[in-house]
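Everything below concerns the one structure shown next.
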Amino acid sequence: MRISRSAAFVIPLLLASPVIPGVAGPASPERHPVPAGQRALLAHEKEIDALIARMTLDEKIGQMTQPDQQYLASPRDIAAYHLGSLLSGGDSDPKRSNSFADWREMIDGYHAEAQKSRLQIPLLYGVDAVHGHNNVVGAVVFPQQIGLGATRDAGLVEEVARITAKEVRATGANWTFAPCVTVPRDERWGRSYEGFGEDTTLVRELGAAAVRGFQGPALSDPLRVAACAKHYVGDGGTVWGTGRRDDKHPTKGGRLDQGDVQLEEAALRRIHLAPYADAIAAGVATIMPSYSSWNGVKCSGSRQLLTEILKNDLGFQGFLISDYAAIDQLPGDYRSDVKQSIGAGMDMVMVPEKYQEFIATLKGLIEAGEVDKARIDDAVRRILRVKFAMGLAPGARAASDAALAASFGSAEHRAVARRAVRQSLVLLKNEKRTLPLAKDLKRIHVAGRGADDMPMQAGGWTVYWQGLRVAGKPEARIPGTSILAGIQAAVSKSTTVTHSKDGAGAEGADAVVVVVGEEPYAEFEGDRSDLSLGQADKDAIAAARKAGKPLVVVLLSGRPMVVTDELGLADAFVAAWLPGTEGAGVADVLFGDHKPSGKLPMSWPRSNAQIPVNVGDATYDPLYKYGYGLTY
Ligand code: GLC
């Protein structure tokens with residue numbers, strides 16, 4: 001389906017996003033007004049002209065090539081192939097450990113290799129710092145974005161991103177693949193928690209705030225990083241059953257993730273496109289096209305989406321980075337994948353493994369005249385715009401600043417994360433004034449799988465791609481405070497806190513807190529058709545109920561779950577999302593140090609049959625509506 005550039009197209013966008021007037025035609029700055037937020041990227045055009053004039057074709061292609069560092073045949077390939085960027089994808093870690101020192105040593109080593117290239121153009125080193133610098137042990141791990149969505153606090157979101165940027169820079173990385181400005185519409189999606197919520201206006205506001213926090217007023221600030229709005233466009237709107245089949249995990253496999261968005265053009269813009277206009281207005285330097293498709297056309301190969309809308313009409317002046325091997329999913333062979341994606345407007349390719357093959361394939365296409373040299377120069381210009389804006393001109397220093405090590409994972413940063421946890425909690429039920437609990441009860445029993453479990457507390461994208469606990473790998477340990485530890489620290493010296501995962505021993509306590517929820521997951525491995533609690537959680541709640549005392553349930557989940565029955569058993573029920581390392585923030589609300597203020601970022605379903613459920617549905621009758629949240 002071709003997207004018309006008629007008034008019919010431009011007007012909905014204007015209505016949806018008054019910030020950016022749709023700009024028709026190529027966004028060459030001298031011919032069309034460039035969004036104000038993008039102008040900083042155009043401040044070095046003359047230096048870039050001069051540099052491009054000096055570059056060989058190999059050097060240009062090298063700037064467009066992003067391997068995952070774990071697949072480098074040798075660090076010397078960085079200079080040999082004139083590579084412009086590297087990434088650490090999920091599980092792409094330093095060889096020795098995930099310590100701060102090893103991350104910094106690895107990345108700084110790559111920066112040093114880039115300085116051996118002829119032109120000495122510094123590297124962009126990308127990581128998925130999506131809720132703190134979450135790959136690195138010792139980083140402060142913030143609530144996942146869905147929890148930040150529940151805070152409704154743009155200033156807090158900006159502060160979280162600013163701190164994340166500082167911790168990323170401390171390791172020598174300078175680019176994060178965040179914020180995810182998806183609008184998750186189906187609670188079964190394994191990436192729901194990576195979004196701020198189901199409401200486009202909320203995502204627009206918080207996505208732009210995150211961009212401002214990551215990038216700051218000036219990209220040249222050595223304490224900020226390049227941001228990446230992702231995954232363009234409609235990744236959260238795919239239809240169940242169209243998702244990627246994960247052959248390794250046929251039972252878990254994605255029935256939604258990387259699937260097909262089947263929407264009319266106006267609905268796509270209204271629901272899913274608008275946040276990109278705001279990210280562009282906020283100055284976002286990079287955008288990542290999605291694995292998913294729109295009406296059967298892969299986003300990563302769509303000229304309409306990548307060039308006509310994003311670059312020409314919305315005036316995006318930075319560069320597009322493909323998702324991880326996403327162009328391989330385009331129809332045809334690899335040569336046609338490269339031809340189609342670059343021709344569509346992809347500027348840098350997250351290869352990530354066979355970078356020599358990508359380079360040779362693209363060079364062959366250019367020499368055969370099947371990819372225009374002008375397209376190559378445009379892609380390289382866009383990449384260099386971001387580098388020059390960041391102060392990464394040829395020969396510039398890109399390695400980490402040792403002075404930043406002292407603040408990495410600091411108490412000051414953790415205090416902000418604890419505040420984010422407090423503000424993210426949504427109180428769904430509170431009968432008989434169960435909450436706040438008194439701090440001087442004689443005994444509080446804490447039960448449930450999640451009470452003392454950092455993997456459940458942090459969720460996916462934490463040290464490992466799939467989270468801290470992965471079958472076949474030793475559980476990663478990170479510094480932080482469990483919910484149990486937070487409760488123990490909050491109560492009086494005269495109070496006894498007992499604990500059991502299964503709820504045993506609750507009898508005789510004066511109150512019982514049961515922490516249940518989801519095991520960590522990421523991407524398609526989190527797609528689920530059944531959002532009920534597991535049996536162990538149900539049993540723990542039932543056991544606790546038998547104690548006949550005030551029962552508080554705390555749910556750790558990346559999305560609303562079907563807990564209608566368990567809600568009936570609880571006196572109070574708190575949706576805590578995936579709070580990260582600072583679990584004490586939960587105790588702050590349980591014991592009255594902070595009144596609950598969180599509001600639902602997604603509608604809460606009564607049953608699996610009701611999913612997906614969103615504001616605007618013809619029959620909108622969720623258990624709790626979008627925006628619901630009690631206080632006391
Ligand atoms: C992943 C994700 C994307 C991430 C990228 C690099 O597959 O889709 O969100 O930024 O690869 O890790």
Side-chain angles (χ1 to χ4, degrees), residues 65-71 85-93 98 103 107 124-136 144-146 164 168 173-184 189-196 207 210-211 214 225-236 238 243-246 248-249 252-254 256-259 275-276 279 284-293 298-300 319-329 341 346 348-353 355 459-467 521-527 558:
T65 307
Q66 185 192 57
D68 184 314
Q69 66 81 26
Q70 65 185 312
Y71 298 119
S85 179
L86 294 173
L87 87 141
S88 276
D91 297 338
S92 173
D93 305 324
N98 273 307
W103 271 92
I107 299 174
L124 284 175
Y125 197 98
V127 290
D128 291 281
V130 293
H131 61 135
H133 194 1
N134 35 256
N135 290 350
V136 184
Q144 299 274 9
Q145 286 196 178
I146 192 167
T164 299
V168 167
N174 48 24
W175 181 17
T176 180
F177 304 122
C180 184
V181 293
T182 184
V183 183
W189 189 35
R191 307 197 75 168
S192 294
Y193 68 78
E194 296 187 59
F196 290 111
V211 169
F214 284 127
V225 295
C228 180
K230 71 183 186 181
H231 310 82
Y232 177 77
V233 62
D235 53 341
T238 57
R244 161 190 166 135
R245 303 270 340 155
D246 177 21
K248 291 199 300 292
H249 308 281
K252 283 186 180 178
L256 271 176
D257 194 35
Q258 305 183 15
Y276 288 90
V284 73
T286 72
I287 293 176
M288 183 185 292
S290 178
Y291 286 113
S292 55
S293 304
K298 279 281 184 184
C299 297
S300 300
F319 70 87
L320 299 179
I321 173 70
S322 76
D323 205 333
Y324 205 83
I327 72 165
D328 302 25
Q329 294 184 6
S341 63
M346 196 71 76
M348 184 187 284
V349 172
M350 188 185 290
V351 180
E353 189 171 345
Y355 53 96
W461 296 105
T462 308
V463 179
Y464 301 141
W465 175 45
Q466 292 293 322
Y521 55 80
E523 301 194 50
F524 46 86
E525 296 203 21
D527 284 359

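Side chains included, hydrogens not; waters and symmetry mates left out as well; all remaining heavy atoms used. All residue numbers refer to positions in the sequence shown, counting from 1. Order of appearance sets the numbers: ligands from 1, and atoms from 1 within every ligand.
Residues forming a ring pair (Phe, Tyr, Trp, His ring centres under 6.0 Å) with Tyr355 (at least two apart in sequence, or on another chain): Tyr81. Under the rule for a side-chain contact (heavy atoms from CB on, under 4.5 Å), the partners of Ser341 that lie at least two apart in sequence or sit in another chain are Ile327, Leu330, Met346. The side-chain hydrogen bond (donor to acceptor under 3.5 Å, both in side chains) test applied to Thr176 returns no partner, not counting sequence neighbours.
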Take Ile146 and Phe196, measure what side-chain contact (heavy atoms from CB on, under 4.5 Å) needs, and give me the verdict at the end. CA-CA 5 Å; Ile146 192 167; Phe196 290 111; over 6 Å; no
With side chain to side chain donor-acceptor pair (under 3.5 Å) as the test, would you mind laying out the steps for Tyr71 and Ser92 before giving the verdict? CA-CA 9 Å; Tyr71 298 119; Ser92 173; over 6 Å; no
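Side-chain N/O atoms of Glu194 and Trp461 include a donor and acceptor closer than 3.5 Å.
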Check ligand 1 for N or O atoms under 3.5 Å from a protein N or O and list each pair with its distance.
unit_1   : atom_1 : unit_2 : atom_2 : d
ligand 1 : 7 (O)  : Tyr291 : OH     : 3.1
ligand 1 : 7 (O)  : Asp323 : OD1    : 3.4
ligand 1 : 7 (O)  : Glu523 : OE1    : 3.3
ligand 1 : 7 (O)  : Glu523 : OE2    : 3.2
ligand 1 : 8 (O)  : Arg191 : NH1    : 2.8
ligand 1 : 8 (O)  : Asp323 : OD1    : 3.2
ligand 1 : 8 (O)  : Asp323 : OD2    : 2.7
ligand 1 : 9 (O)  : Arg191 : NH2    : 2.8
ligand 1 : 9 (O)  : Lys230 : NZ     : 2.8
ligand 1 : 9 (O)  : His231 : NE2    : 2.7
ligand 1 : 10 (O) : Asp128 : OD1    : 2.5
ligand 1 : 10 (O) : Lys230 : NZ     : 3.1
ligand 1 : 11 (O) : Asp323 : OD1    : 3.1
ligand 1 : 12 (O) : Asp128 : OD2    : 2.6

